[in-house]
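Worth knowing before you read on, the calculation uses all heavy atoms, side chains too, and leaves out hydrogens, waters and symmetry mates.
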Amino acid sequence: MPLANERILAHEFLPELYEDDYFPDPLVDKGKAILLRLCERIERERPGDLAALYVLTHAATEEFNALDHELQAADSEIETMAREEISEDVAFIATAYGFPDADREELIAPRDW
């Protein structure tokens, strides 16, 4: 399903990770894909409240938990800068879909990075 949200379509996801050689581009691509799948789910499922949104963002966060294992195998990891970048993008997504009051920490609560 193609995305319809113009703000999302115009947004550059994870730009600092792409600029830093510490993060292999193919794995950053996987992170970007996680974020885009989150957007697709939001558009498809249309969460009606923050609790429903958090279910979706938590699932995406679990995918990032798995991605962190792949990054570690490639001598990288989701460290401070990457955590901030991912958190910013998830918060941007929440706002773009009408949830500006979403708690940034709760959006990614199940993170283990």
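In this structure Phe92 satisfies the ring-ring contact (aromatic ring centres under 6.0 Å, His included) test together with His11, sequence neighbours excluded. A search for side chain to side chain donor-acceptor pair (under 3.5 Å) contacts involving Glu79 returns nothing, not counting sequence neighbours. Residues that satisfy the side chain to side chain contact (heavy atoms under 4.5 Å, CB included) test with Asp49, not counting sequence neighbours, are Ala51, Ala52. Taking the salt bridge (charged side-chain N to carboxylate O under 4.0 Å, His left out) definition, one finds that Glu40 meets it with nothing, sequence neighbours left out. Legend: residues meeting side chain to side chain donor-acceptor pair (under 3.5 Å) with Ser87, ordered by chain and number and at least two apart, are Arg104. Scanning for salt bridge (charged side-chain N to carboxylate O under 4.0 Å, His left out) contacts around Arg7 gives an empty result, with sequence neighbours left out. With sequence neighbours excluded, the residues satisfying side chain to side chain donor-acceptor pair (under 3.5 Å) with Glu43 are Tyr97. Under the side chain to side chain contact (heavy atoms under 4.5 Å, CB included) criterion, Glu70 pairs with Leu27, Lys30, Leu67, sequence neighbours left out. Scanning for side chain to side chain contact (heavy atoms under 4.5 Å, CB included) contacts around Glu105 gives Asp103, Arg111, with sequence neighbours left out.
Considering all non-hydrogen atoms of both residues, Ala102 and Leu53 come closest at CB-CD2, 4.3 Å. Listed here is the closest heavy atom pair of Phe99 and Pro47: CZ-O, 3.3 Å. Between Leu9 and Leu3, the closest heavy-atom pair is CD1-O, 3.7 Å.
With hydrogens and angles ignored, the 3.5 Å screen pairs no side-chain donor or acceptor of Asp68 with any backbone N or O of Asp112. Ser76 contributes no side-chain N or O that, together with a main-chain N or O of Gln72, makes up a donor-acceptor pair within less than 3.5 Å.
No more than 12 heavy atoms of other residues, nucleotides or ligands sit less than 6.0 Å from atom CZ of Arg46.
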For the pair Ile34 and Leu38, evaluate side-chain contact (heavy atoms from CB on, under 4.5 Å) and give the outcome as yes or no after the intermediate values.
-> CA-CA 6 Å; Ile34 292 168; Leu38 171 60; 5.8 Å; no
From CA spacing to verdict: side-chain contact (heavy atoms from CB on, under 4.5 Å), Trp113, Glu77 = CA-CA 8 Å; Trp113 25 270; Glu77 68 178 310; over 6 Å; no
For Ile93 and Ile42, run side-chain contact (heavy atoms from CB on, under 4.5 Å): C-alpha distance rounded to whole Å, both residues' side-chain angles, the deciding distance at 0.1 Å, then the answer.
-> CA-CA 9 Å; Ile93 290 167; Ile42 292 170; 3.6 Å; yes
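Residues Pro24 and Asp75 fail the side-chain proximity criterion, which asks for heavy atoms closer than 4.5 Å. The shortest side-chain heavy-atom distance between Leu35 and Val90 falls under the 4.5 Å cut-off.
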Let me check something: any side-chain donor-acceptor pairs from residues 16-23 under 3.5 Å, sequence neighbours excluded? List them with distances.
from: Tyr18; atom 1: OH; to: Asp29; atom 2: OD1; distance (Å): 2.6
from: Asp20; atom 1: OD1; to: Tyr22; atom 2: N; distance (Å): 2.9

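Neither Leu50 nor Val55 shares a network with the other; the hydrophobic side chains, linked directly or stepwise wherever heavy atoms of I, L, V, M, F, W or Y lie under 4.5 Å apart, form separate groups for each.
Under the salt bridge (charged side-chain N to carboxylate O under 4.0 Å, His left out) criterion, the residue pairs touching residues 56-66 are Arg37-Glu63, with sequence neighbours excluded. Sorted by first and then second residue, the ring pair (Phe, Tyr, Trp, His ring centres under 6.0 Å) pairs with a member in residues 33-69 form an empty list; sequence neighbours excluded.
In this structure, CG on Leu107 lies 13.0 Å from CD1 on Ile86, to the nearest 0.5 angstrom. In this structure, Arg41 CZ and Leu36 CG are separated by 14.5 Å, a value rounded to the nearest 0.5 Å.
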